[in-house]
Protein chains: 2
Amino acid sequence: MTEYPVGSVRTTARVVRALEDNREAGVTELADELNVSKASVHNHLTTLERLGVVVSDAGRYRLGLRFLDIGIGVRDGMELHRIARPEVDGLAQSTGEATALVVPEHNEAVYAAVETSSRNDRRIRLGSRAPLHATAAGKVVLAYRSREAVEEYVETVGLDPETDRTISNRSELHTELRSVTDRGLAFDRGELFDGMRSVAAPVRRGDDTDALAGALTVLGPAERLSGKRLEEDLPGMVLSAAKRVELELAD
Amino acid sequence: MTEYPVGSVRTTARVVRALEDNREAGVTELADELNVSKASVHNHLTTLERLGVVVSDAGRYRLGLRFLDIGIGVRDGMELHRIARPEVDGLAQSTGEATALVVPEHNEAVYAAVETSSRNDRRIRLGSRAPLHATAAGKVVLAYRSREAVEEYVETVGLDPETDRTISNRSELHTELRSVTDRGLAFDRGELFDGMRSVAAPVRRGDDTDALAGALTVLGPAERLSGKRLEEDLPGMVLSAAKRVELELAD
DNA sequence: GAGTGTGTTTCCTGTTACTGAACAGATTTT
DNA sequence: AAAATCTGTTCAGTAACAGGAAACACACTC
């Protein structure tokens, strides 16, 4: 058994990945980039096109919008999203900042819902992914894991520094996570993007285990997120919103 | 050469499709549903999980949010989207109705951007797809195609009736499309959903050929979309918004 | 009109993706 | 509590086929 039981699917994934980066590409171009024969690339592309996932136009190929269809479907299918969505919207309105529902997946923080108070403020992209140790929401996710699970994260993912404020050593991370569980809140002060701060509160599944379902978060520029607003006002709002989601999630 | 040059990818796609419908499933469940051996399903699932596209939890499998990531990336990468987005938002604000940017893909109308004036009004889903002959935006798409291309659409896709007002015969479609090109505008009066109406205007690529890039559309309940508002006011707004997009698209 | 791109097709072969069956847990039934 | 019956997972063998090389077709350029 190799790493990928169905090898050809892996090749397909590489083709998709390449199209994701290049936005549009030709057969030879992809063949060179991926070190695969032209014929093989061609086969994968026509397969993908038949499947309605890729669009071809005059010998150029690009990804179609079926991914969006599937992705939104997956997102809308999450009960956490259904319940948390109104709170995300409400938070955006009451705080005047960007807000999001963040969900852990494959050791990354995924923005499953994003809302902004002012339109055309698209700094955080829906569906984008960030490292767990460099965002408030991500730290919430880590904080509610066992110490071994956190160690495993450090081991496999590593603590790559995104800015010069990113937590990048093990002990610092552990003390930070301790403070997160203590307060039931996490902060990020320019640890992912310079001049960008965020607050996040956990949403736990009340039912069986107290496993973490996700996190609500508020994000904004350091100029606006500071002092009492950052330390007290926003935390209070995020926390109570998260609590409401937990309650409704429990039933 | 068979229908799908890389057959195993087709199986993978079927697995993904099944997960899309079932939201969550086990191995045997999928194996039965797809008439494939358990082992094979298992192989595909672990491959997909390794690729970060599927999430497994206690023997249950479900699609992850990577599709959303890719999909939004594709969408944001479209220059038409970049340019049309502000107009879609502006239309939502000025009309007070739901608005969208629609793009043709694989003979379907895809909602590439959706905006609503009031929050939590999520009737049309981002990324969802509708038949070309049953929506205002779709009729715009068809109208700017050659007659043979329209015939080909009727042949391959067919004119399935979605409601009792859906255009479902060839000649009716052709006269309708004629009126669309004449006025540069398309209407839909409950042809996709009962009680739902929409107006759409074309966005054409000015540059080389006058190929259609997409359409802007306004949607709402029949009670609000009727009379002079439906016939004159909204058309005027959609049309001028579409013109502005065309202009900026030309440079 | 030769030359260099492109995407597409063909053909062959070594790989591998599938199946059927055995295995290992967990849960339920008796 | 043990047996029966679900799971998901692993294993081994074979028939299918995915991938590579090269020829092809077509569009450009020079």
Side-chain angles (χ1 to χ4, degrees), chain A residues 1-64 105-106 207-209 211, chain B residues 1-64 105-106 207-209 211:
Chain A
M1 186 206 339
T2 84
E3 186 138 23
Y4 296 89
V6 187
S8 42
V9 173
R10 207 240 157 169
T11 308
T12 297
R14 297 213 303 144
V15 170
V16 170
R17 192 86 224 288
L19 284 177
E20 211 183 336
D21 296 339
N22 298 12
R23 179 178 313 187
E24 184 180 89
V27 175
T28 22
E29 194 177 338
L30 291 173
D32 292 348
E33 188 172 330
L34 303 174
N35 272 74
V36 185
S37 73
K38 275 200 299 179
S40 185
V41 170
H42 186 256
N43 282 338
H44 282 272
L45 285 174
T46 53
T47 302
L48 287 169
E49 196 200 0
R50 293 268 216 305
L51 291 170
V53 167
V54 151
V55 178
S56 77
D57 179 38
R60 308 289 295 173
Y61 291 85
R62 60 174 200 277
L63 297 183
E105 190 178 294
H106 283 287
D207 223 12
D208 40 350
T209 58
Chain B
M1 186 207 337
T2 84
E3 187 138 22
Y4 296 89
V6 186
S8 41
V9 172
R10 206 238 158 175
T11 308
T12 297
R14 297 213 304 142
V15 170
V16 170
R17 193 89 226 289
L19 284 177
E20 211 183 336
D21 296 340
N22 298 13
R23 180 179 313 185
E24 185 181 90
V27 175
T28 21
E29 194 178 339
L30 292 174
D32 291 349
E33 189 172 331
L34 302 175
N35 272 72
V36 185
S37 71
K38 277 201 297 178
S40 185
V41 170
H42 186 256
N43 282 337
H44 282 271
L45 285 173
T46 54
T47 302
L48 287 170
E49 197 199 1
R50 292 265 215 308
L51 290 170
V53 168
V54 151
V55 178
S56 78
D57 179 39
R60 308 289 297 173
Y61 291 84
R62 60 175 200 277
L63 297 183
E105 188 178 296
H106 283 287
D207 223 12
D208 40 352
T209 58

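Throughout, protein chains are lettered first and strands after them, A, B, ... in sequence-line order, and every chain is numbered starting at 1.
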| message | Strictly below 4.0 Å: does B:Thr28 bring a side-chain N or O up to OP1 or OP2 of D:dG8? | response | yes

Can you tell me the distance, in whole Å, between the [atom1] atom of [X] and the [atom2] atom of [N]?
X	N	atom1	atom2	result
A:His42	D:dA23	NE2	P	19 Å
A:Arg14	D:dA18	CZ	C1'	15 Å
A:Leu48	D:dA18	CG	P	13 Å
A:Glu29	C:dG7	CD	P	8 Å
A:Arg10	C:dT15	CZ	P	18 Å
A:Arg60	C:dG7	CZ	C1'	11 Å
A:His44	D:dA18	NE2	C1'	7 Å
A:Leu30	C:dT6	CG	P	12 Å

Go through it in stages, so that I can follow the logic: the residues are A:Glu29 and A:Arg60, the test is salt bridge (Lys or Arg N to Asp or Glu O under 4.0 Å), and I'd like the CA-CA distance, side-chain angles, deciding distance and then a yes or no. CA-CA 10 Å; A:Glu29 194 177 338; A:Arg60 308 289 295 173; 3.3 Å; yes

In short, B:Val27 meets B:Val41 closest at the heavy-atom pair O-CG1, 3.9 Å

Nearest heavy-atom approach of B:Gly52 to A:Glu105 is O-OE2, 4.3 Å

Whichever of A:Lys38 and A:Thr11 has the more 5' nearest nucleotide on DNA chain D, that residue is A:Thr11

Original post:
Mind checking whether B:Thr11 and B:Leu34 have side chains closer than 4.5 Å, heavy atoms only?
Top reply: no

Between A:Tyr61 and A:Ser8, the residue closer to the 5' end of DNA chain C by nearest nucleotide is A:Tyr61

